[in-house]
Amino acid sequence: MEGKPSATFVRTLTLRSLVILGLAYMAPMTVFTTYGVVAQTTHGMVSIAYVLALAAMLFTAYSYGHMAKEYPLSGSAYTYTQKSISPHIGFLVGWSVLLDYLFLPMINFLLAGTFLSAAFPSIPSSLWILLFIIIITCINVFGIQMTAKVNGILVLFQFLVTALFVILSIKKMIEGESDILFFSSLQLFDSKDSFSFVLAGASILCLSFLGFDAVTTLSEETIDPKKNVPKAIFLVAFIGGLLFILVSYITQLVYPNYHSFKVVDSASFEIAAYIGGTLFSSVFLAGIITSTIASGISSHASASRLLYAMGRESMLPKRLFAYIHPKYKTPSRNVIFIGVLSLSALAMDVVTAASFINFGALIAFTFVNISVIFHYYIRGKQRDVKGTCRYLISPIIGAAFTIWLWTSLDIKSISLGSIWVVIGFIYLVYKTSFFTKAPPQFTFDEKTEPNQLKTEHIS
């Protein structure tokens with residue numbers, strides 16, 4: 001038994017706080033950043049691709065809800081796999097998931113710097129990146145409540161900009177005296193095109209749902225986590241999905257000619273200028289920047305909790321990663337560590353960072369679905385009709401969707417991710433003395449606070 005950490009988390013987060021943090025991580029306005037590429041990929045059938053993506057992600061969200069109810073700990077997919085399948089596999093999953101959690105803050109800083117540099121050419125993007133790293137790191141050090149409050153304001157602004165986009169789009173269509181407002185006037189699915197185009201678009205859009213899983217890393221700071229965390233997971237995925245479907249549908253209506261984009265990657269800016277002119281274009285840009293900042297704050301917070309879970313179990317250096325600030329009740333050293341790591345955004349490109357994120361996210365999604373099968377169906381023997389549907393068929397469908405998403409990854413994502421896993425495997429061999437001992441785990445007792453659990457080597 002090792003000594004207790006210097007401090008413990010405090011349960012202050014409500015269901016509403018979790019939903020806000022999850023939506024901030026997901027970034028509601030991400031629907032605009034991918035619209036041009038997906039519109040051309042799907043031949044204009046973006047909203048149908050979102051419907052398919054939402055359906056796919058809800059199966060995995062359902063699996064996360066099951067595991068979060070059983071293990072309300074900060075480790076998310078790392079903990080679920082470790083407890084349900086194998087401590088060794090659990091470590092490798094956690095190691096892989098670090099790619100998603102550590103690189104997402106970085107890519108948000110990079111995007112925010114790029115957008116602001118374009119808006120203010122006299123200020124280099126490196127200064128914007130450095131400024132946001134400092135600000136967001138400080139916000140996350142000073143407490144999860146501050147993180148939730150700041151993100152609440154940022155998410156609200158994104159919803160307001162999105163609502164204004166929808167209103168201006170409808171106004172534009174009315175002024176054009178178009179009958180395209182009626183659902184019957186637009187074929188959401190063009191039977192002339194192959195459904196494979198929709199599938200290709202859905203494979204891109206599924207990764208827009210990253211965020212519903214991140215709320216699980218805040219389980220130890222949540223009031224009644226077994227009830228609130230599963231609800232938050234579903235609400236974040238469902239609210240985000242409905243928003244994506246609605247906005248993409250309205251965008252298809254107001255700007256059906258997806259072939260005419262001057263720059264595919266910034267197609268949403270062209271549409272914003274088309275419906276609202278220069279003034280709304282500026283407001284729209286502010287919304288996009290806000291979304292990257294909000295996502296940066298939430299992903300920064302989530303990553304620090306995952307590092308804490310792995311540090312607490314001595315899978316990462318405990319002195320650094322298992323520390324909780326006695327006053328702010330945050331893993332402050334982890335927060336600062338991620339801030340320092342994010343400085344690599346000054347030299348890294350978006351494509352490389354996205355490759356790491358996609359690989360790590362799909363590892364997490366796949367193994368959380370598999371964990372449900374191992375925990376409930378195989379070990380728990382819940383094999384009646386209801387149990388078979390909930391704990392075997394549903395997670396198999398979720399895992400099948402995520403495995404299908406692997407086929408959409410480019411060679412760079414697979415190569416970089418595989419190299420990272422090999423490094424993790426070598427580290428695991430070292431930590432377990434060539435697998436002669438199991439990685440340390442926390443024993444879980446529902447009557448004991450997670451931070452006060454014992455560290456044991458489970459054979």
Side-chain angles (χ1 to χ4, degrees), residues 30 33-34 37-38 40-41 53 56-57 60 76-78 81 85-86 88-111 114 129 196 199-211 213-214 264-265 295-296 299 302-303 306-307 310 315-316 337-338 340-370 398-432 435:
T30 193
T33 62
T34 57
V37 172
V38 178
Q40 294 198 349
T41 301
M57 287 297 100
T60 296
S76 191
Y78 160 66
T81 307
I85 303 176
S86 160
H88 297 96
I89 296 176
F91 170 79
L92 290 176
V93 169
W95 182 267
S96 301
V97 173
L98 283 175
L99 291 174
D100 174 14
Y101 283 87
L102 293 180
F103 280 88
L104 192 58
M106 183 189 309
I107 201 171
N108 280 302
F109 296 138
L110 181 58
L111 289 172
T114 300
I129 292 172
S196 62
L199 291 174
S203 70
I204 299 172
L205 296 176
C206 277
L207 297 174
S208 298
F209 287 84
L210 291 179
D213 57 311
V264 175
D265 290 339
S295 182
S299 56
S302 295
L306 176 60
L307 289 174
M310 298 184 76
M315 291 311 298
L316 295 175
F337 173 80
I338 295 168
V340 173
L341 183 66
S342 294
L343 291 173
S344 59
L346 296 170
M348 185 169 290
D349 62 272
V350 174
V351 174
T352 301
S355 298
F356 281 119
I357 292 168
N358 293 343
F359 185 93
L362 292 181
I363 286 283
F365 289 174
T366 302
F367 276 92
V368 169
N369 282 301
I370 296 173
F401 271 121
T402 56
I403 291 172
W404 164 63
L405 287 176
W406 278 95
T407 63
S408 69
L409 291 181
D410 58 24
I411 188 64
K412 188 171 187 178
S413 297
I414 296 174
S415 299
L416 292 176
S418 298
I419 291 171
W420 179 255
V421 171
V422 169
I423 294 172
F425 181 79
I426 294 172
Y427 180 70
L428 178 63
V429 169
Y430 164 75
K431 288 291 291 185
T432 60
F435 303 106

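Only this structure's heavy atoms are used, side chains among them; waters, hydrogens and symmetry mates stay out.
- Atom-to-atom distance recorded for I338:CD1 and L343:CG is 12.5 Å, nearest 0.5 angstrom.
- Interatomic distance, OG1 of T114 versus CD1 of I129, reported as 6.0 Å (0.5 Å rounding).
- Separating the OG1 atom in T407 from the CG atom in L199 is a distance of 9.5 Å, to the nearest 0.5 Å.
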Inset, instruction - Output, in order, the C-alpha distance, side-chain angles, deciding distance and verdict of side-chain contact (heavy atoms from CB on, under 4.5 Å) for I89 and F367. - result: CA-CA 9 Å; I89 296 176; F367 276 92; 3.7 Å; yes
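- For W404, the ring pair (Phe, Tyr, Trp, His ring centres under 6.0 Å) test picks out no residue, with sequence neighbours left out.
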Inset, instruction - Could you check T366 against T402 for side chain to side chain donor-acceptor pair (under 3.5 Å), going step by step and ending with a plain yes or no? - result: CA-CA 6 Å; T366 302; T402 56; 3.1 Å; yes
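- Counting heavy atoms from C-beta outward, M57 and F401 have side chains that stay 4.5 Å or more apart.
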Would you mind writing out the side-chain donor-acceptor pairs for residues 101-109 within the sub-3.5 Å range, not counting sequence neighbours?
unit_1 : atom_1 : unit_2 : atom_2 : d
N108   : ND2    : L104   : O      : 3.0
N108   : ND2    : S295   : OG     : 3.0

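- Partners of T352 according to the side chain to side chain donor-acceptor pair (under 3.5 Å) rule, which considers only residues two or more places apart in sequence or in another chain, are D349, K412.
- Atom CZ of residue F356 and atom CG of residue L98 lie 12.0 Å apart, to the nearest 0.5 angstrom.
- Across all their heavy atoms, T60 and G398 have their closest contact at OG1-O, 3.8 Å.
- T81 contributes no side-chain N or O that, together with a main-chain N or O of Y78, makes up a donor-acceptor pair within less than 3.5 Å.
- Rounding to the nearest 0.5 angstrom, the gap separating the CZ atom in F337 from the CG atom in L341 is 5.5 Å.
- Scanning all heavy atoms of the two residues, the minimum distance from L99 to G417 falls at CD1-CA, 4.2 Å.
- Here the closest non-hydrogen pair linking T41 and A200 is CG2-CB, 3.8 Å.
- A distance of 10.5 Å separates OG1 in T432 from OH in Y427, rounded to the nearest 0.5 Å.
- Shown are W420, W95, W406; of these, the ring-ring contact (aromatic ring centres under 6.0 Å, His included) with F359 is made only by W406.
- Other residues, nucleotides and ligands contribute only 12 or fewer heavy atoms inside 6.0 Å of the CZ atom of F425.
- Closest heavy-atom contact between G201 and V38: CA-CG1, 4.2 Å.
- When every heavy atom of L210 is checked against every heavy atom of A361, the shortest pair comes out as CD2-CB, 3.4 Å.
- For H88 against L428, the heavy-atom pair with the smallest separation is O-CD2, 3.7 Å.
- With a 4.5 Å cut-off on side-chain heavy atoms, T34 and V37 do not count as touching.
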